[in-house]
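Written below as structure tokens is the structure these notes are about.
Note that the coordinates shown come from a computational prediction; the quantities given were computed from them, not determined experimentally. Computation of the quantities below employed the complete heavy-atom set of this structure, encompassing side-chain atoms and omitting hydrogens, waters and symmetry-equivalent molecules. Heads up: numbering here begins at 1 and tracks the sequence.
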Amino acid sequence: MLTARAERKRKPVSNYNSDLLRLLNERGYIHQTTDATGLDALAQKQVIPGYIGFDATAPSLHIGSLVQIMMLRRLQQTGHKPIVVMGGGTTKVGDPSGKDESRKMLTTADIDDNIAGIRTVFERLLTFGDGPTDAVMVNNDEWLSELGYIDLLRDVGPHFTINRMMTFDSVKLRLEREQPLTFLEFNYMILQAYDFLELARRYECRLQMGGSDQWGNIVNGMELARRMEGRELFGLTTPLLTTADGSKMGKTAAGAVWLNEAQLPGYDFWQYWRNSDDRDVGRFLRLFTDLPLDEIARLEALEGAEINHAKVVLANEVTKLVRGEDAARAAEATAAATFSGGGTGEDLPTLAVGAEGMRICTVLTDIGFTASNGEAKRKIAEGAVKLDDVAVSDPGFLVEVLEGAQIKLSLGKKKHGILTR
């Protein structure tokens, strides 16, 4: 039966000899390791194939996944092999970790389309190919869909106990909140454990990385491989990533901060980083950019208004990596035009207003500045909404735009858009 054997070796050590763990440690990625000493020694001797899995529930990942993608980049930067596992099979089941309800069921075609969209970000951040340290992207549907149910029960099932599965947070939290947990989702941890075993067989994968909420799933895979085939595998997790104010990374009042341009315009992506809390700047520069650590130390030491320079650097560097150099340049130019020169810029989010006009609350919601008309009314009452720098006080105000003209819409000091016709 799977046990808590690996969980006793959780905490990272302070000094590492391998480039891999030294870099991960210096930049703040390490939260838990199953055997830090053993992994450190292995990384000095050979190329380590390591993987992280990503389910394809949408056509883009959001920035909550960016720390994991950057971990694969660090793996490759230190001479090891990243394996990107797209969960074509596990997406059909749904990871219950951190969820209060079951996921919507997607068709195979939907999942394939989502994987195609997600791949574009990885192609910017990793080098793919056939070399020993080149990244590969695989779909776990290749092996999970081939598993016979009876074979899975007989070969894998005996290594899991219901008692232990019930102790995992992904299960406990759902039951404590009296939210239904389907038998389908209950099987997710078994399938993820089997992924690790199958990747070890196919690619000699020795390392699984992930967020701290994946610790139990990672340990399950290690223990399954040890029991079934005597393989020694390793696990490493990152800290739960929150902003300085305690909110979850990747979520805003207007919705998720998507990595793909099709889901979120380049200026909005850039502006998210530009608006970072002063206390987060240094940490985000270490996690999400390739800037040297001494330069990061200089930037995070800036105080007062000068810290805004560090935030612009952060926004530019992250946008370059994820969206490309042109996107970063355009976003910075738009910000300069909007905030410094009083212009509107070309890269701001836009909304077309018809000849009949639109109520201001609808405008704010449709452009994505507020999550609902109720929130829009509150912002208007606070005096935070302006059209061409003139405050709007009437929540029923009808916005009309002359044909060929444009109006600048502002919500507070940080959100700006263009209304056109």
Report task. Would you kindly say whether Thr365 and Asn373 are connected by a side-chain donor-acceptor distance under 3.5 Å? Result -> yes
**Report entry** For Arg286, the option from Glu300, Glu26, Glu295 that meets salt bridge (charged side-chain N to carboxylate O under 4.0 Å, His left out)
**Finding:** Glu300
Query raised in the report: How about Gln77 and Arg74: does a side-chain donor come under 3.5 Å of a side-chain acceptor?
Result: yes
Query raised in the report: Hey, are Asp40 and Thr37 close enough side-chain-wise for a donor-acceptor pair under 3.5 Å?
Result: no
Query raised in the report: Using 4.0 Å as the upper bound for N to carboxylate O, is an ion pair formed by Arg378 and Glu382?
Result: no
Query raised in the report: Have Ser276 and Asp280 got a donor and an acceptor in their side chains that come within less than 3.5 Å?
Result: no
Report task. Indicate whether the side chain of Ser18 and that of Gln44 have a donor and an acceptor atom separated by less than 3.5 Å. Result -> no
Query raised in the report: Is NZ or CZ of Arg359 both nearer than 6.0 Å to the six-membered ring centre of Phe397 and within 45° of the ring axis?
Result: no
Query raised in the report: Hey, does the Lys NZ or Arg CZ of Arg27 hover above the aromatic six-ring of Phe288, less than 6.0 Å from the centre and inside 45° of the axis?
Result: no
Requested in this report: Using the test side chain to side chain donor-acceptor pair (under 3.5 Å), find all partners of Ser65 that sit at least two apart in sequence or belong to another chain.
Outcome: none
Query raised in the report: So, Thr127 and Asp134: side-chain donor and acceptor under 3.5 Å apart, yes or no?
Result: no
Requested in this report: Check the side chains of Asp245 and Thr243 for a donor-acceptor pair under 3.5 angstrom, ignoring hydrogens and angles.
Outcome: yes
Query raised in the report: Do side-chain atoms of His31 reach the backbone of Thr238 as a donor and acceptor pair under 3.5 angstrom?
Result: no
Report task. State whether Lys415 and Asp268 are salt-bridged, where the test is any N-O pair (Lys NZ or Arg NE/NH1/NH2 against Asp/Glu carboxylate O) under 4.0 Å. Result -> no
Query - No-hydrogen, no-angle side-chain donor-acceptor test under 3.5 Å, Asn316 and Glu332 - result: yes
Query raised in the report: When the aromatic ring centroids of Phe196 and Tyr51 are compared, is their separation below 6.0 Å?
Result: yes
